[in-house]
Engineer: 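One structure is given below, represented as structure tokens, and several questions about it will come after.
In what follows, every chain begins at residue 1, and chains take the letters A, B, ... in the order their sequences are listed. Here the structure is a predicted model, which means the values were calculated and not measured.
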Protein chains: 2
Amino acid sequence: MDDLETRELRYFIAVAEELHFGRAAERLGMAQPPLSRAIQQLERRLGVRLLERNRRGVSLTGAGEMLLHEGRAALDAATAAARRTRRAGGADSSGGPRNRLVLAVKAGAFHELLHKLLDAYAAEPDAAEIEVLPSGTCEQEGMLRDGRADVALMHTPFNSLAGFDSEELMTEGQVAILPAGHPLAARSTLSLADVSDIPDLPLARWSRDGVYPPGPGPEIHDQTQLAQLIALGRTVAVFPESARAWLWAEHAAVPLTDAPPVVTHIAWPAHSRSLALAGLIRTATRL
Amino acid sequence: MDDLETRELRYFIAVAEELHFGRAAERLGMAQPPLSRAIQQLERRLGVRLLERNRRGVSLTGAGEMLLHEGRAALDAATAAARRTRRAGGADSSGGPRNRLVLAVKAGAFHELLHKLLDAYAAEPDAAEIEVLPSGTCEQEGMLRDGRADVALMHTPFNSLAGFDSEELMTEGQVAILPAGHPLAARSTLSLADVSDIPDLPLARWSRDGVYPPGPGPEIHDQTQLAQLIALGRTVAVFPESARAWLWAEHAAVPLTDAPPVVTHIAWPAHSRSLALAGLIRTATRL
DNA sequence: GCCCGGTGATACCTACCGGGTATGACAGGG
DNA sequence: CCCTGTCATACCCGGTAGGTATCACCGGGC
């Protein structure tokens with residue numbers, strides 16, 4: 001019952017994602033024939049057919065789908081081990097174990113909460129150094145999984161807490177953010193149906209893992225860009241109430257009656273055993 | 001930023017657990033010198049000292065501790081990927097994806113619940129085949145992590161749900177299980193202090209990961225052995241109420257007033273995307 | 001005090017295998 | 001019908017994982 005080498009997992013995942021040996025080999029910086037052979041060896045060792053080689057392309061079998069999912073998790077775990085070990089080791093050089101935590105935060109969100117948290121934690125007696133790592137939309141999960149971060153602030157239902165330990169920090173409603181001059185901006189409340197159906201203001205589309213949901217609205221990369229597009233009267237967006245903190249004068253925020261409440265959690269990899277992390281969590285839950 | 005190979009992780013974990021290169025090499029089925037060299041290379045590649053080679057033995061640095069923990073998780077993830085892929089692949093040979101779930105259950109526990117669950121699930125229209133895998137005390141977590149099982153029944157607070165998704169199934173109190181003839185067996189309730197302080201009946205000690213808590217009581221491996229020792233008047237044990245199902249005539253169960261309630265969960269690896277699993281969970285939560 | 005046992009590290013060699021290049025087999029499309 | 005794009009095969013080479021022999025070092029025992 002030999003283990004899979006991470007090299008094999010990397011190879012298979014590349015092929016499974018590209019569904020094309022040539023492109024996968026290029027992405028891996030190697031030639032195509034050894035890649036083909038490596039996948040064949042992998043299939044032999046597992047005793048399972050992973051890819052269906054049809055004429056004109058490759059497709060995943062059921063087992064291939066499984067290996068793609070599980071293999072990604074395993075690869076993340078391996079790179080997390082390397083990263084965290086390096087960080088823990090850099091600590092040793094400076095005498096005692098220098099505590100340093102990487103906190104992943106969706107770029108631009110959590111302004112007030114983050115401020116309060118960092119201030120409160122810094123006041124703790126044995127506070128570790130906190131590095132705030134801004135992340136793309138919903139990227140915090142991957143960052144926790146592959147060790148780029150030690151702890152993250154997350155928004156359910158946008159982020160999934162699956163696989164992490166977490167504590168609830170706060171709950172808030174959502175608001176529609178409109179151009180200040182728009183007729184709907186005068187309303188005291190709106191419904192989701194209202195904002196998704198404005199003919200002249202298509203709903204903005206956020207990227208999620210590099211993919212945008214379909215729709216007429218503009219594709220949004222970062223919050224500044226979105227803020228500008230809203231101010232220009234080109235789009236409308238839905239945000240947690242705390243987004244009011246970064247609104248411009250040309251923006252208007254109207255509460256949504258039927259949007260699901262957004263819950264902010266602090267989340268960390270299950271089984272983390274770090275005193276610094278425990279302290280940060282304690283501070284966060286006391287806010 | 002090269003990944004760690006699982007071979008390197010296996011090697012390091014062996015050394016970190018044995019704290020002895022020779023024994024670790026033997027366990028790995030290889031000679032000691034290549035193992036030494038492999039660990040040195042690993043330290044160089046990570047740029048971190050993992051082991052402190054003192055005269056007369058080896059000890060872990062902080063980074064070594066980190067790599068031991070994270071590396072175990074990564075190795076588990078890799079073997080889980082292999083195992084689950086093999087299982088998913090065996091499926092393909094028999095036509096459609098043959099659904100088969102491995103359910104880990106603490107040996108001897110969950111009698112009634114398990115019975116009801118299996119019966120109810122078997123009655124579902126598209127029920128998968130369920131393989132019940134009895135596990136040692138609190139071993140279900142490891143089984144889920146390394147892919148030996150797909151889903152498990154767990155008891156909090158004994159099992160930790162960290163890192164898994166789970167649903168609560170039932171809550172029950174705990175009882176002390178005594179020899180029927182013992183004076184305390186006549187009491188209608190007991191407290192934890194009562195049972196931990198019986199001079200002639202030391203509390204039984206369960207193994208957890210092969211380690212026994214300290215104390216005067218006998219070391220218990222399985223439930224039958226425990227049942228016998230209780231019946232013989234040699235020990236006393238604390239169990240969830242549902243343990244009444246397997247009591248002997250010579251046993252007496254007395255409710256404990258101050259023992260924490262035991263919650264039974266059904267748990268599965270986060271991100272599992274299996275229809276069969278979803279069906280089983282749905283059935284379980286409806287019981 | 002000296003030697004012996006046991007530790008991990010070093011030196012050197014071999015053989016396997018991971019990777020490269022060249023080429024084949026095969027199907028679809030112009 | 002050829003041409004193109006795909007993955008598989010054949011063959012070669014070099015790096016490296018692993019083995020054996022040995023060293024350096026320290027602690028304990030006589």
Engineer: Could you tell me how far apart B:Leu42 (CG) and C:dA9 (P) are, to the nearest whole angstrom?
Structural biologist: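 Distance, rounded to whole Å: 13 Å.
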Engineer: Look at the side-chain N and O atoms of B:His20 and state whether any lies under 4.0 Å from the OP1 or OP2 oxygen of C:dG6.
Structural biologist: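 Result: no.
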Engineer: Specify the separation, in whole Å, of atom CD of B:Glu26 and atom C1' of C:dT7.
Structural biologist: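 It is 15 Å, rounded to the nearest whole Å.
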Engineer: Which residue lies toward the 5' end of DNA chain C, B:Pro33 or A:Pro33, if each is placed at its nearest nucleotide?
Structural biologist: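 Mapping each residue to its closest nucleotide by heavy atoms, the 5'-most match is B:Pro33.
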Engineer: Expressed in angstrom and rounded to an integer, what is the separation of B:Ile39 atom CD1 from C:dA9 atom C1'?
Structural biologist: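 Answer to the nearest Å: 13 Å.
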Engineer: Where the side chain of A:Arg37 is concerned, which of D:dC7, D:dG18, C:dG20 is the nearest nucleotide?
Structural biologist: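 Output: C:dG20.
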Engineer: Answer yes or no: side-chain N or O of B:Gln40 and base N or O of C:dA9 forming a donor-acceptor pair under 3.5 Å.
Structural biologist: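 Side chain to base: no pair present.
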Engineer: Which part of the nucleic acid does B:Arg7 contact within heavy-atom distance under 4.0 Å: base, sugar-phosphate only, or nothing?
Structural biologist: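 B:Arg7: backbone/sugar contact only, no base atoms under 4.0 Å.
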Engineer: Looking at A:Gln41, I'd like to know whether one of its side-chain N or O atoms comes within less than 4.0 Å of OP1 or OP2 on C:dG18.
Structural biologist: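 So the side chain of A:Gln41 is within the cut-off, an N or O lying under 4.0 Å from OP1 or OP2 of C:dG18.
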Engineer: Is the shortest side-chain N to carboxylate O distance from B:Arg273 to A:Glu65 below 4.0 Å?
Structural biologist: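 No, B:Arg273 and A:Glu65 are not salt-bridged.
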Engineer: Quickly work out the A:Asn54 CG to C:dA25 C1' distance and round it to whole Å.
Structural biologist: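 Roughly 16 Å, once rounded to whole Å.
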Engineer: Using a heavy-atom cut-off of under 4.0 Å over every strand shown, decide if A:Glu8 touches base, sugar-phosphate, or nothing.
Structural biologist: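 It contacts nothing in the nucleic acid.
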Engineer: With nearest nucleotide decided by heavy atoms, which residue, A:Ala31 or B:Pro34, maps closer to the 5′ end of DNA chain C?
Structural biologist: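 Mapping each residue to its closest nucleotide by heavy atoms, the 5'-most match is B:Pro34.
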Engineer: Write down the distance between CD (A:Gln32) and P (D:dA8), rounded to a whole number of angstrom.
Structural biologist: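 Distance, rounded to whole Å: 7 Å.
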Engineer: Does some side-chain heavy atom of B:Thr85 sit less than 4.5 Å from a side-chain heavy atom of A:Leu50?
Structural biologist: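 In contact.
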Engineer: State whether A:Arg53 places a side-chain N or O below 4.0 Å from either non-bridging phosphate oxygen (OP1 or OP2) of D:dT6.
Structural biologist: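 No.
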Engineer: Between A:Leu35 (CG) and C:dT21 (P), how many Å, whole number?
Structural biologist: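 Rounded to whole Å, this separation is 14 Å.
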Engineer: Tell me if a side-chain donor or acceptor on B:Glu141 pairs with a main-chain N or O of B:Ser160 at a distance below 3.5 Å.
Structural biologist: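 Judged by distance alone, yes, a pair lies under 3.5 Å.
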Engineer: Using OP1 and OP2 only, check whether a side-chain N or O of B:Ser36 sits under 4.0 Å from C:dA9.
Structural biologist: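 It does, given that an N or O in the side chain of B:Ser36 lies less than 4.0 Å from OP1 or OP2 of C:dA9.
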Engineer: Quickly work out the A:Glu18 CD to D:dT6 P distance and round it to whole Å.
Structural biologist: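 It is 12 Å, rounded to the nearest whole Å.
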Engineer: Scan B:Arg10, B:Arg83, B:Arg7 and name whichever one has a salt bridge (charged side-chain N to carboxylate O under 4.0 Å, His left out) with A:Asp3.
Structural biologist: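 The single option meeting the salt bridge (charged side-chain N to carboxylate O under 4.0 Å, His left out) with A:Asp3 is B:Arg10.
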Engineer: Which is true for A:Glu5 with a 4.0 Å heavy-atom rule: it touches a base, it touches only sugar-phosphate, or it touches nothing?
Structural biologist: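 Nothing, no nucleic acid heavy atom in range.
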Engineer: Between A:Lys106 and A:Gln140, what is the shortest heavy-atom contact and its length?
Structural biologist: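 The answer is N-NE2, 3.4 Å.
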Engineer: Taking atom P of C:dC17 as reference, at what distance in whole Å does atom OH of A:Tyr11 sit?
Structural biologist: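 These atoms are roughly 15 Å apart.
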